[in-house]
Student: 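Take this structure, written in C-alpha cells, and hold onto it; I'll ask about it next.
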Amino acid sequence: MNSKITLSILMVLTFFTGSLKAQDLMDALGGDSLTTDYTYATFKTSRIVLGQSIENSPKGTLLFMVQHNFGSIDQGAYNMWGLDASTIRLGFEYGLTKRMSIGIGRSSFQKTFDGSVKYKVLMQSTGARRMPLSLSVYGSGELNSMRFTDEGRKNYFSSRLTYVAQLLIARKFSQKLSLQLTPTYVHKNLVPGRADQNDIMAAGLGGRYKLTQRTSVNAEYFYLLPGQSADNYQDCLSVGFDIETGGHVFQLRLTNAQPLFESAFITETSSKWTDKGIYFGFTINRVFNL
C-alpha cells in the first residue's frame, strides 16, 4: 500500500476517534460505571447501499433480501430509463449468535451463488466498558455458475471461485450520523489475461444520515487501489434512501454498478455517473424471528 493510501486511512481513523476524550480511549477496557450501554442501529440493515454495513442479523433472526437493479438510464425513454433490463439477487442471512451471522444468495448477474459469514469483534459502547467504534470481519465466497465457453482449454471448478475479505470499522457519532470505513481484499482464481490482477485491494467509505424516525439518506464509495483493475474499471459510487416500515426496510438507490455482490460491484464496475451510466435499484429487507 503506497504512502498516500496509508495516510488517507490514518486520517479517516483519526476522524473517527477525534471526537473522543483521551479518557474514553484509556477506559476502553473498563470504567467506573456499573453497566455497559451498547450502541445499536448504527445502520438500519446489513447493507449501507450495496456494500456491507456493521450490522448483522440478531441471534435467531432470519433476514430475507430481495435486491433489484434495473438497467442504465443512458438510453432514455427507449428502455424506460432502465426498467426494461434488470439484475436481481435473492439472499438469506441468519443470526447464529449475538455476534455472528451467516448468509447465502443467488444473483442473476453471471449466475452467481454466494455464501458469507460476518462476525462482530468490537461493539461501540459507553459505561463500564467504553469502546469508541464497532469492528466486524466479513468474508464471502462466490461461485460463477455460467457455462464455460472456451472449449480449447481444461476448465477447473476452482476457476469459478472468487473470495472477498473485509474489515468493517464503524462509529455512530450521534442519533443522526454514522460512518464506516471498509478496507477490502478480493481474490479471483481466474482472470481474463496475464496482465489482470488475481488480488485486488479497495478502500470503502460509507455513511448514513437520519432524516426522520423512519427514513435516512445513505452513501458509499469504493476506491480501487492502483493496478490493472483500477485502470480498466471505475470506482463504485452509490447513494440511497432508506424507509423503515415495521418488519420491512425498503432501500432505494442510484449507483453506477449493476451487479449486487461484492467482488463484481467493487472490482468490475464499468459505468460512469458522468456518462449517465446510472442504475436505479431497490432492496426489500424482511425480518423473521424464528
Side-chain angles (χ1 to χ4, degrees), residues 12 15-16 39-58 63-70 73 82 87-89 91 93 101 103 105 116 118 120 124 133-136 138 140 164 166-184 202-224 234-262 264-266 269 271 273 277-287:
V12 172
F15 175 65
F16 266 65
T39 299
Y40 66 93
T42 303
F43 297 95
K44 206 57 189 178
T45 186
S46 63
R47 303 295 194 278
I48 300 177
V49 184
L50 291 176
Q52 296 289 327
S53 78
I54 196 73
E55 304 296 339
N56 55 339
S57 297
L63 171 64
F64 174 50
M65 302 178 63
V66 180
Q67 297 173 277
H68 197 124
N69 270 0
F70 293 100
I73 68 171
T87 181
I88 64 172
R89 178 184 178 274
E93 296 177 6
S101 64
S116 64
K118 186 188 292 186
K120 188 167 289 187
Q124 184 178 339
L133 48 79
S134 295
L135 169 67
S136 289
Y138 171 82
S140 70
V164 178
Q166 293 181 315
L167 289 178
L168 312 174
I169 308 165
R171 174 165 168 78
K172 188 174 184 179
F173 288 90
S174 68
Q175 290 300 314
K176 291 182 176 293
L177 178 64
S178 301
L179 293 177
Q180 178 177 298
L181 179 67
T182 310
T184 301
L205 180 63
R208 171 181 185 253
Y209 188 81
K210 190 174 181 180
L211 298 175
T212 69
Q213 189 65 23
R214 295 185 178 273
T215 63
S216 67
V217 174
N218 298 357
E220 67 185 10
Y221 174 71
F222 284 93
Y223 170 71
L224 286 171
Q234 304 298 316
D235 295 336
C236 177
L237 173 63
S238 308
V239 294
F241 181 71
D242 288 5
I243 307 171
E244 181 190 4
T245 60
H248 294 76
V249 178
F250 292 92
Q251 297 178 290
L252 308 175
R253 61 178 164 270
L254 293 173
T255 177
N256 63 327
Q258 190 176 34
L260 293 163
F261 52 94
E262 274 75 22
F265 69 74
I266 294 175
T269 292
S271 300
W273 279 74
I278 303 171
Y279 301 88
F280 170 70
F282 64 85
T283 298
I284 301 173
N285 301 274
R286 181 66 172 95
V287 175

Student: I'd like to know if the side chain of Ser178 and the backbone of Thr42 have a donor-acceptor N/O pair within less than 3.5 Å.
Tutor: yes
Student: Within the 4.5 Å heavy-atom criterion, are Leu260 and Asn69 side-chain neighbours or not?
Tutor: yes
Student: Output the distance between atom CD (Gln124) and atom CG (Leu133), rounded to the nearest 0.5 Å.
Tutor: 7.0 Å
Student: Between Asp242 (side chain) and Thr215 (backbone), is there a donor-acceptor pair under 3.5 Å?
Tutor: no
Student: Sub-3.5 Å donor-acceptor pair from the side chain of Ser46 to the main-chain atoms of Ser53, do we have one?
Tutor: no
Student: What's the shortest heavy-atom distance between Thr269 and Cys236, and which atoms?
Tutor: OG1-CB, 4.0 Å
Student: Which heavy atom of Val217 sits nearest to which heavy atom of Leu211, and what is that distance?
Tutor: CG2-CD1, 3.5 Å
Student: Under a plain distance cut-off of 3.5 Å, with no hydrogens placed, do Glu262 and Gln52 share a side-chain donor-acceptor pair?
Tutor: yes
Student: Is there a side chain to side chain contact (heavy atoms under 4.5 Å, CB included) between Lys118 and Ile54? Walk through the geometry before answering.
Tutor: CA-CA 9 Å; Lys118 186 188 292 186; Ile54 196 73; over 6 Å; no
Student: Can Ile266 and Thr184 be said to form a side chain to side chain contact (heavy atoms under 4.5 Å, CB included), step by step?
Tutor: CA-CA 9 Å; Ile266 294 175; Thr184 301; 3.9 Å; yes
Student: Using the test salt bridge (charged side-chain N to carboxylate O under 4.0 Å, His left out), find all partners of Lys44 that sit at least two apart in sequence or belong to another chain.
Tutor: Glu244
Student: For side chain to side chain contact (heavy atoms under 4.5 Å, CB included), just list the numbers for Ile88 and Val66, CA-CA rounded to whole Å, side-chain angles, deciding distance to a tenth of an Å, and then say yes or no.
Tutor: CA-CA 7 Å; Ile88 64 172; Val66 180; over 6 Å; no
Student: State, yes or no, whether a side-chain contact exists between Arg208 and Leu177 at a heavy-atom distance under 4.5 Å.
Tutor: no
Student: Of all the heavy-atom pairs spanning Gly207 and Leu179, show the shortest one and how long it is.
Tutor: CA-CD2, 3.8 Å
Student: Distance-only, no hydrogens or angles: does the Lys120 side chain make a donor-acceptor pair with backbone N or O of Ser134 under 3.5 Å?
Tutor: no
Student: Taking Arg47 first and then Glu93, would you say they form a salt bridge - that is, a charged N and a carboxylate O separated by under 4.0 Å?
Tutor: yes
Student: Do Gln234 and Asn256 meet the criterion of a side-chain donor-acceptor pair at a distance under 3.5 Å?
Tutor: no
Student: Provide the closest heavy-atom pair for Ala219 versus Ile48 in the form atom of the first, atom of the second, distance.
Tutor: O-CG2, 3.9 Å
Student: Are Ser57 and Ser101 close enough that a side-chain donor and a side-chain acceptor fall under 3.5 Å?
Tutor: no
Student: Report yes if some heavy atom in the side chain of Thr255 is under 4.5 Å from a heavy atom in the side chain of Leu237; otherwise report no.
Tutor: no
Student: Determine the minimum heavy-atom distance between Leu63 and Val287, stating which atoms define it.
Tutor: CD1-CG2, 4.0 Å
Student: Between Tyr279 and Ser271, does a side chain to side chain donor-acceptor pair (under 3.5 Å) hold up when you go through it step by step?
Tutor: CA-CA 9 Å; Tyr279 301 88; Ser271 300; 3.1 Å; yes
Student: OG1 of Thr87 to CZ of Phe265: how many Å apart, nearest 0.5 Å?
Tutor: 12.5 Å
Student: Nearest heavy-atom pair of Leu50 and Pro259: which atoms, and what distance?
Tutor: CD1-O, 4.3 Å
Student: Rounded to the nearest 0.5 Å, how far apart are CG of Leu254 and CH2 of Trp273?
Tutor: 5.0 Å
Student: To the nearest 0.5 Å, how far apart are CD in Gln175 and OG1 in Thr39?
Tutor: 9.0 Å
Student: Any side-chain heavy-atom pair from Phe250 and Thr245 closer than 4.5 angstrom?
Tutor: yes
Student: In terms of relative ring orientation, are Phe282 and Phe70 parallel, tilted or perpendicular, with 30° and 60° separating the classes?
Tutor: tilted
Student: Would you say Gln166 and Thr182 are linked by a side-chain donor-acceptor pair, where the criterion is simply a distance under 3.5 Å?
Tutor: no
Student: Rounded at 0.5 Å granularity, tell me how far NZ in Lys176 sits from NZ in Lys210.
Tutor: 7.5 Å
Student: Would you please say whether a donor-acceptor pair under 3.5 Å links the side chains of Thr283 and Arg253?
Tutor: yes
Student: What's the spacing between Gln180 CD and Phe43 CZ if we round to 0.5 Å?
Tutor: 5.0 Å
Student: Please say whether more than 12 non-hydrogen atoms of neighbouring residues, nucleotides or ligands are located less than 6.0 Å from OH in Tyr209.
Tutor: no
